[in-house]
Chemist: 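Starting off with a structure, shown below.
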Amino acid sequence: MAHSNDRAVWLKGPQAVCSAPPAGNGKAWRLVLLGAPGVGKGTQAELLAERLGSCHLSTGDVFRAARSLPAEERSPALNEAIACMQRGELVSDETVLSLVRERSTCLKCRGGFLLDGFPRTVPQAEALDGLLKELGVGLDAVVNYDLPIEAIVARLGGRRTCSQCKAVYHVTARPPRQEGVCDHCGGELIVREDDRPEAIRVRMETYERSTRPLIDYYAAKGLLRTVSAEGSVEEILERTLSALRVEAR
Ligand code: AMP
């Protein structure tokens, strides 16, 4: 049974309390979602969270949430991370890993998790393996969303993100009911700084160099499920569920 969780611990840190802790009934799915920027991972993560009940844990969302903190509450490492994000570059493994370690309660949460945007480098994947081992939990699968580059560029250009709840839309493929307004919370829809053309180019190069090697890394562990990210969000969701062998509703 799906639940709705505000992901407070993930977004704000371990001192926060989640609004609706997972019920813990049914299977706790523990998944990593891989794919180039713009492939639709964030959208699929939201739909999978609703369908499977696991929390959508995006490291990008943590950095975006940190940006709205008052300056005195941001550490130098966090300021540097925000600057990297605005340029479309990767944040250092050290900063990302300390942030994820701080939130390790989310990884052992009985509702499971859907990691989106982490790991993004082989050292991050190795560190995640170590952390999960310490916590006594394992990954069920790694879903790799696959899409030709031209389609990726078209998707990124039309992407709009809610400035409040971070829900993701697309001007043609997944428009909101009212233009510029989030269906979920009424927040304003914006173009993310890192969805601007220059930052998109840097992100694609970074993906090829640093993140693509994770496909072989997880294939070697027998965890990889490659799913075509072409078609509608519903089609991609169905493909994902069948790759995971989750029965259709
Ligand atoms: P995303 O929303 O996953 O596309 O992340 C937005 C930006 O946050 C990325 O372009 C990076 O600058 C930064 N970021 C998010 N997750 C990571 C990560 N695991 N490693 C390094 N940088 C990251």
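We count ligands from 1, going down the list as the structure has it; atoms in each ligand are counted the same way. In this text the structure is predicted, and so the values were computed from the model without any measurement.
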Chemist: More than 12 foreign heavy atoms under 6.0 Å from CD of E94: is that the case here?
Modeler: no

Chemist: Around E179, counting heavy atoms of other residues, nucleotides and ligands shown, do more than 12 lie under 6.0 Å from its CD?
Modeler: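 No, CD of E179 has 12 or fewer neighbouring heavy atoms, counting only those of other groups under 6.0 Å.
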
Chemist: Check side-chain hydrogen bond (donor to acceptor under 3.5 Å, both in side chains) between N79 and all other residues, then give those that pass, not counting sequence neighbours.
Modeler: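 Once residues adjacent in sequence are excluded, the partners of N79 under the side-chain hydrogen bond (donor to acceptor under 3.5 Å, both in side chains) criterion are R74.
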
Chemist: Strictly under 4.0 angstrom, heavy-atom based: which residues surround ligand 1?
Modeler: T59, G60, F63, R64, M85, E89, L90, V91, V96, G117, F118, R120, Q124, R192, D194, R203

Chemist: Here's one to test your reading of the geometry: is the NZ or CZ of K12 within 45 degrees of the ring axis of W10 and under 6.0 Å from its centre?
Modeler: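 That pair does not qualify as a cation-pi contact.
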
Chemist: With a cutoff of under 4.5 Å between side-chain heavy atoms, which Ile, Leu, Val, Met, Phe, Trp and Tyr residues group with L189?
Modeler: Y169

Chemist: Sequence neighbours excluded and cut-off under 3.5 Å, please list the side-chain donor-acceptor pairs for residues 147-158, or say none.
Modeler:
{"unit_1": "R155", "atom_1": "NH1", "unit_2": "V39", "atom_2": "O", "d": "2.8"}
{"unit_1": "R155", "atom_1": "NH1", "unit_2": "A229", "atom_2": "O", "d": "3.3"}
{"unit_1": "R155", "atom_1": "NH2", "unit_2": "A229", "atom_2": "O", "d": "2.6"}

